[in-house]
Amino acid sequence: GAVAISAEYSIDGTNFYTVYTTSSGTLTAESAIVSTLTNTTRWIQYTARLAPYVRFKIVAAADSQLTFDVLWQRTH
């Protein structure tokens with residue numbers, strides 16, 4: 001089945017938001033990391049944002065199977 005993955009970010013760990021970016025004065029919600037991943041294994045590199053918390057929103061079709069691993073670098 002199809003799987004869509006997007007990220008939301010937070011400053012306080014409670015309230016999560018979609019990131020908005022600007023280009024030529026136009027405010028646009030960041031696009032999904034992937035919108036139609038089907039029957040495949042992928043290593044996905046996405047654009048990291050400055051925030052202390054992140055959560056991934058995964059929407060999978062009823063017939064989907066998903067294994068999701070995250071590698072995250074933390075600096076002090």
Side-chain angles (χ1 to χ4, degrees):
V3 175
I5 303 170
S6 59
E8 297 175 327
Y9 300 89
S10 174
I11 294 172
D12 61 11
T14 301
N15 300 298
F16 285 83
Y17 303 96
T18 299
V19 170
Y20 282 79
T21 59
T22 60
S23 178
S24 301
T26 302
L27 187 62
T28 306
E30 182 178 55
S31 59
I33 295 169
V34 65
S35 57
T36 55
L37 185 64
T38 57
N39 301 322
T40 189
T41 299
R42 291 288 183 254
W43 173 282
I44 302 170
Q45 178 73 34
Y46 69 97
T47 303
R49 302 295 181 195
L50 294 175
Y53 303 94
V54 61
R55 71 178 179 191
F56 295 97
K57 185 169 72 172
I58 300 169
V59 179
D63 59 347
S64 298
Q65 293 183 4
L66 176 70
T67 300
F68 188 80
D69 295 313
V70 176
L71 299 175
W72 188 264
Q73 180 178 350
R74 181 178 172 174
T75 58
H76 298 276

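Each residue takes its place number in the sequence, starting with 1.
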- Query: Is there a chain of hydrophobic side chains (I, L, V, M, F, W, Y, each step under 4.5 Å between heavy atoms) that links Ile58 to Tyr46?
  - Reply: yes
- OH of Tyr20: more than 12 outside heavy atoms within 6.0 angstrom? no
- Item | Closest contact, heavy atoms only, Tyr53 versus Gly13 | CD1-N, 3.3 Å
- Query: Which heavy atom of Ala4 sits nearest a heavy atom of Ser35, and at what distance?
  - Reply: CB-O, 3.6 Å
- Item | Heavy-atom pair of closest approach, residues Ala2 and Ser64 | O-OG, 3.3 Å
- Note on the structure: Correct closest heavy-atom pair for Phe16 and Val54 would be CE2-C, 4.0 Å
- Query: Which residue pairs pass the salt bridge (charged side-chain N to carboxylate O under 4.0 Å, His left out) test with at least one member in residues 48-63, sequence neighbours excluded?
  - Reply: Glu8-Arg55, Glu30-Arg49
- Closest non-hydrogen contact found for Pro52 with Ser10 is CD-O, 3.3 Å
- Query: Quick one: do Phe56 and Val59 end up in the same hydrophobic cluster if we chain Ile, Leu, Val, Met, Phe, Trp and Tyr together by side-chain heavy atoms under 4.5 Å apart?
  - Reply: no
- Item | Over all atoms of both residues, closest heavy-atom pair of Ala29 and Thr18 | CB-CG2, 4.1 Å
- Shared hydrophobic cluster, Leu50 / Ile11 (ILVMFWY, side-chain heavy atoms < 4.5 Å): no
- Task: Consider only side-chain heavy atoms of I, L, V, M, F, W and Y, link residues closer than 4.5 Å, and tell whether Val70 and Ile33 are in one cluster.
- Result: yes
- Does Phe68 share a hydrophobic cluster with Ile44, counting links as ILVMFWY side-chain heavy atoms below 4.5 Å and allowing steps through other members? yes
